[in-house]
Colleague: 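Following this message is one structure expressed as structure tokens.
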Amino acid sequence: PGEPCMVLRLKFLNDTERIARVRPGDTVGALKRAQFPGQEHQVRLIYQGQLLRDDSQRLGSVPLAPHSVLHCHLAPPGPAPAAPRASADPVHAALNAGSLMLPLFLLLLALLWYCQLQYRHVFTATATTFLAGLTLLFSVMAFAMYRR
């Protein structure tokens, strides 16, 4: 009731804008429902490069200044995204090859290093250099994947 209104600019990908009047006590979900009735599940709001994911987050907790720009992305209308369905084969569902690749590759590298240390006479300098380079490449890729 006593909260002051704040004016925000909603900017779309096609450079059109819409003005929204909000209060700091309003939530992100309330803003979506007010500005995009019936489409609130298709709307993504982005402020200063950060996606406002939590619909229960109060706008007062976001550092919004008057006339701040919220970028709006509307997903194309269509069928609702299907829920992931359980596989009929429980073994297939439990063994996702994509999630096993990183640990398997790590195990393979560990085995190769073990062999290199135990059987030095079998590994040439070129093979050891290649193994070190492969380990470095794997480490960089693993850190890049899990940094996100």
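All heavy atoms count here, side chains included; hydrogens, waters and symmetry mates do not. Numbers for residues simply follow the sequence, beginning at 1.
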Colleague: Indicate, with yes or no, if L51 and L31 share a hydrophobic cluster defined by side-chain heavy-atom contacts under 4.5 Å among Ile, Leu, Val, Met, Phe, Trp and Tyr.
Modeller: no
Colleague: Test of understanding: with side-chain hydrogen bond (donor to acceptor under 3.5 Å, both in side chains), list the residues that count as partners of R33, not counting sequence neighbours.
Modeller: none
Colleague: Measuring from atom CD1 of I46 to atom CG of L52, what distance do you get when rounded to the nearest 0.5 angstrom?
Modeller: 8.5 Å
Colleague: With hydrophobic residues grouped by side-chain heavy-atom distances under 4.5 Å, do L106 and W113 end up in a single group?
Modeller: yes
Colleague: Can you name the side-chain hydrogen bond (donor to acceptor under 3.5 Å, both in side chains) partners of T128, sequence neighbours left out?
Modeller: Q116
Colleague: Which of parallel (below 30°), tilted (30 to 60°) and perpendicular (above 60°) describes F105 and F138?
Modeller: tilted
Colleague: Examine distances only and state if a side-chain atom of E40 and a backbone atom of G38 form a donor-acceptor pair shorter than 3.5 Å.
Modeller: yes
Colleague: Test of understanding: with side chain to side chain contact (heavy atoms under 4.5 Å, CB included), list the residues that count as partners of T129, not counting sequence neighbours.
Modeller: none
Colleague: Test of understanding: with side chain to side chain contact (heavy atoms under 4.5 Å, CB included), list the residues that count as partners of S56, not counting sequence neighbours.
Modeller: D54
Colleague: Measuring from atom CZ of R23 to atom CZ of R21, what distance do you get when rounded to the nearest 0.5 angstrom?
Modeller: 11.0 Å
Colleague: Test C72 against L45 for side chain to side chain contact (heavy atoms under 4.5 Å, CB included), laying out the working first.
Modeller: CA-CA 5 Å; C72 301; L45 297 176; 3.5 Å; yes
Colleague: Could you state the interatomic distance from CG (D55) to NE2 (H41), rounded to the nearest 0.5 Å?
Modeller: 8.0 Å
Colleague: A quick test of your reading: do over 12 heavy atoms of other residues, nucleotides or ligands sit less than 6.0 Å from CZ of R18?
Modeller: yes
Colleague: For M6 and L64, work out which heavy atoms get closest and say how close.
Modeller: SD-O, 3.9 Å
Colleague: Quick one: pull up CD in Q35 and CD1 in I19 and give me the separation to the nearest 0.5 Å.
Modeller: 9.5 Å
Colleague: Would L8 and L74 show up in the same hydrophobic cluster when neighbours are defined by side-chain heavy atoms closer than 4.5 Å?
Modeller: yes
Colleague: Checking Q118 now: which residues fulfil side-chain hydrogen bond (donor to acceptor under 3.5 Å, both in side chains) with it, not counting sequence neighbours?
Modeller: none
Colleague: Are V7 and V28 connected in the hydrophobic side-chain network, where two residues link if heavy atoms are under 4.5 Å apart?
Modeller: no
Colleague: If two hydrophobic side chains count as joined below 4.5 Å and joins carry through other members, does Y47 share a cluster with V69?
Modeller: no
Colleague: When rounded to the nearest 0.5 angstrom, what is the spacing between CZ in F130 and OG1 in T124?
Modeller: 11.0 Å
Colleague: What are the two closest heavy atoms between A34 and P37, and how far apart are they?
Modeller: O-CD, 4.0 Å
Colleague: Checking Q48 now: which residues fulfil side-chain hydrogen bond (donor to acceptor under 3.5 Å, both in side chains) with it, not counting sequence neighbours?
Modeller: none
Colleague: On a heavy-atom basis, which atom in F123 and which in Y119 lie closest, and how many Å separate them?
Modeller: CD1-O, 3.5 Å
Colleague: Do other residues, nucleotides or ligands put more than 12 heavy atoms under 6.0 Å from the CD atom of E17?
Modeller: yes
Colleague: Taking atom NZ of K11 and atom CG of L70, what is their separation to the nearest 0.5 Å?
Modeller: 12.5 Å
